[in-house]
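Here's the structure we're looking at; comments come further down.
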Amino acid sequence: MTRSNLRTPVAQAIRSSWERCERVHGLNRDVGNPILRLQSSEVAPRLEALTEQIGGRHGIFRKLAQIASAAGHCLVVTDRDGILVRLETEDPGSDWNGITIGSVWDERLAGTNGVSMALSEGREVTVRGGEHFYSSLQAFSCSGVPLRNSANEIIGVASLSSFDRGSPGDGLFAQQLLSAAASRVQQTLFLRDFKEAAIVSVAVPGRRELIKGAELVAVDERGVILGATSAAHAVSGLHDHAELTGRPFDEVFGTDWRSLDQVPGRVMSVRRDKGPLLDLWTRAPVNNAKAFPGFRPRTVPVKRRNLPSSAKELAAGSQIMAAICERASNSFDHSVPMLLEGETGTGKSTLVKMLIGNSPNVTIDCAGLSDTVDERGYVHSLIEQARIAGGLDHGTSLIFDNVDEMPFFAQNMFRCLLEEAENAATDTVKILSTSRQPLLDAVRQGAFREDLYFLLSGVKFVLPPVRDRERPAILARSVAAQLANRTVDISDEAQTAINTYDWPGNVREMRNALRQALLQGDGKRIAALDIALVEPRINRTRKVAKLHFSDEEEVLMDALRSANWNVSRAARSLGIGRATINRKIKAFGISRPT
């Protein structure tokens with residue numbers, strides 16, 4: 001047996017399989033025609049049973065076969081006994097290099113192969129060339145991925161076979177393609193079988209895989225986990241899938257699933273103990289299994305959607321920003337490549353999150369890419385995944401953050417992908433890019449490809465800085481309410497200060513200033529004094545702040561209200577002693593309201 005690294009878990013499993021073939025099964029690796037074949041009458045009931053188990057004849061396998069055949073692979077689908085019940089090739093109805101309907105790929109008869117390894121290991125496995133036990137199979141490369149039902153039981157295997165060209169990338173491509181299809185099948189079954197339960201999606205934020213989306217968890221009305229898709233335990237930091245079922249959701253994930261309905265966008269980031277940071281979001285119970293993420297019949301026209309609450313907050317106080325949000329939403333729904341430009345803190349990331357929602361996506365920080373072997377491999381892998389996702393109608397988004405800093409090697413690679421997408425007129429991989437500087441300036445300076453610029457900017461939006469928005473104080477009220485989780489009163493003087501300040505850090509700076517102002521005061525009201533203490537540039541001195549008030553009594557009252565009538569805190573905010581402020585309170589006849 002040839003193997004480049006016998007220390008990896010898969011290599012060790014293949015070696016163990018060889019030992020079983022020789023010592024337990026008593027197989028002779030030089031047999032000329034080792035693969036047993038069942039009769040058609042024996043295969044038909046197996047095909048019918050598997051079709052029923054996976055919820056009907058999935059179009060996903062037809063699409064899978066189309067992508068695979070273009071890459072020189074044939075698609076094999078077996079039942080849980082390793083019996084080949086479906087074969088998809090370029091020439092429908094024909095065999096493929098000796099692989100036929102009814103062939104048996106059980107290890108006890110067919111030795112070490114991709115199907116048998118996927119069944120025994122319960123995960124995606126590629127067996128290449130000399131890793132096959134039988135000599136007659138060593139010309140091939142075979143990748144297999146288990147197909148699972150909603151209870152996470154293996155019901156079959158999807159496999160891609162091709163001639164072994166000595167390239168590990170072929171196996172990676174096949175495994176990515178198969179994993180995407182297997183996940184699609186299980187999620188369809190899961191949503192069908194748990195249609196009466198609440199469904200929570202679980203994903204690791206900032207994921208680097210385009211075609212591996214969220215895992216699903218079903219929860220009953222008591223908050224007990226009823227079931228989960230195959231990798232939910234691994235995403236959640238658990239060692240075994242059985243650790244999920246029957247346990248309280250809040251015990252596993254550290255939050256009550258009902259609380260997801262109370263947060264903006266119904267999305268929450270949580271971390272349990274020392275486990276991974278996770279994004280959670282809820283799905284309403286569905287009565288139609290086709291409502292799983294990414295499914296949208298091409299014959300159904302795209303409907304214009306209402307702007308979500310996050311967009312309304314982003315657009316608060318600016319008709320220009322509201323128009324951008326609405327037009328961006330419409331363009332995204334129609335899969336137009338979109339470029340968002342604007343200064344730091346103007347809301348580019350917020351707008352992107354609003355657009356993509358909970359759909360599968362990968363964000364590439366172009367400023368962090370470097371021309372190394374690993375980074376080139378990562379970009380190449382993403383491009384292959386994008387091609388797969390497009391072929392599978394996967395509804396994914398590819399986001400280029402800081403696209404103006406994308407290195408040339410990545411520009412060249414992504415240009416080819418985007419040209420293919422443009423020629424194919426696909427609407428399944430959506431492209432969004434963000435830039436802090438005008439990208440056209442980078443083109444003029446020779447730092448960015450002109451052809452890539454036009455591919456990325458099917459539509460371009462320039463987000464206005466806060467200083468150019470019509471009513472920044474309205475935006476401030478919206479941000480403050482979001483921070484305080486309640487309506488916040490902002491005094492007229494504070495609004496004047498907010499409207500006249502230039503906010504070089506834009507919304508990000510405003511958020512930070514308002515957060516500190518709320519902490520400085522009582523959390524219900526923000527006065528000019530609170531803003532001035534947080535950001536002195538807004539009101540250069542306390543004397544300037546005092547000039548916004550009619551008299552000393554009003555200054556004193558404002559300080560007391562902001563300090564929730566804590567006299568010591570109010571004195572510190574005014575820069576006077578406790579005895580002095582008490583004397584002034586007495587002089588003005590001020591009493592704390594009941």
Side-chain angles (χ1 to χ4, degrees), residues 264 309 312-318 345 465-594:
S309 58
K312 293 176 182 177
E313 292 165 1
L314 182 63
S318 174
V466 171
R467 63 181 175 274
D468 290 343
R469 301 190 188 186
E470 299 95 307
R471 292 171 290 177
I474 294 179
L475 173 62
R477 281 207 300 266
S478 176
V479 172
Q482 185 183 43
L483 291 169
N485 199 26
R486 55 169 297 157
T487 301
V488 175
D489 179 30
I490 301 180
S491 71
D492 292 342
E493 293 79 8
Q495 290 189 53
T496 299
I498 289 168
N499 283 331
T500 55
Y501 181 56
D502 60 0
W503 298 106
N506 292 295
V507 182
R508 188 172 295 127
E509 181 186 9
M510 177 182 284
R511 181 179 297 275
N512 292 337
L514 293 172
R515 181 185 290 112
Q516 292 301 313
L518 288 167
L519 293 173
Q520 180 74 29
D522 61 0
K524 303 175 183 178
R525 184 174 187 274
I526 295 176
L529 203 60
D530 301 320
I531 292 288
L533 289 171
V534 172
E535 177 49 82
R537 289 176 297 173
I538 298 177
N539 286 307
R540 297 296 176 183
T541 66
R542 290 193 182 94
K543 290 181 181 180
V544 174
K546 289 181 182 180
L547 292 176
H548 290 292
F549 301 91
S550 59
D551 54 34
E552 189 177 10
E553 181 181 356
E554 191 172 349
V555 173
L556 185 59
M557 285 293 296
D558 200 69
L560 288 166
R561 283 193 296 261
S562 294
N564 199 22
W565 291 87
N566 182 308
V567 175
S568 296
R569 188 190 301 173
R572 286 196 299 271
S573 70
L574 291 171
I576 60 178
R578 181 182 173 88
T580 302
I581 196 172
N582 279 325
R583 187 169 60 252
K584 290 180 179 293
I585 289 173
K586 185 176 180 180
F588 288 118
I590 296 173
S591 59
R592 179 171 183 165
T594 57

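What you are looking at is a predicted structure, and each value in this text was computed from that prediction instead of being measured.
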Nearest 0.5 Å, please: how far is [atom2] in [Y] from [atom1] in [X]?
X      : Y      : atom1 : atom2 : answer
Leu475 : Glu470 : CG    : CD    : 11.0 Å
Leu518 : Ile490 : CG    : CD1   : 8.0 Å
Ile526 : Ile498 : CD1   : CD1   : 6.5 Å

Do Thr496 and Glu493 come within less than 4.5 Å of each other through their side chains, counting heavy atoms only?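 The answer is no, as the side chains (C-beta and beyond) never meet within the 4.5 Å cut-off.
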Are Tyr501 and Pro472 packed together at the side-chain level, in the sense that at least one heavy-atom pair is separated by less than 4.5 angstrom?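 They are not in contact (no side-chain heavy atoms under 4.5 Å apart), so the answer is no.
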Ignoring hydrogens and geometry, is there a side-chain-to-backbone donor-acceptor pair from Asp502 to Arg467 under 3.5 Å?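 No, because the side chain of Asp502 does not come within donor-acceptor range (under 3.5 Å) of the backbone of Arg467.
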Do the side chain of Asn506 and the main chain of Arg508 share a donor and acceptor less than 3.5 angstrom apart?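 Here the side-chain-to-backbone pair does not exist.
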Which atom pairs, one a donor and one an acceptor, fall under 3.5 Å between side chains of residues 579-587 and the rest of the protein, sequence neighbours left out?
from, atom 1, to, atom 2, distance (Å)
Asn582, ND2, Arg578, O, 3.3
Lys584, NZ, Glu552, OE2, 2.4

Work out which heavy atom in Ser491 is nearest to a heavy atom in Ala527; give both atom names and the distance.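 So the minimum-distance heavy-atom pair works out to OG-CA, 3.6 Å.
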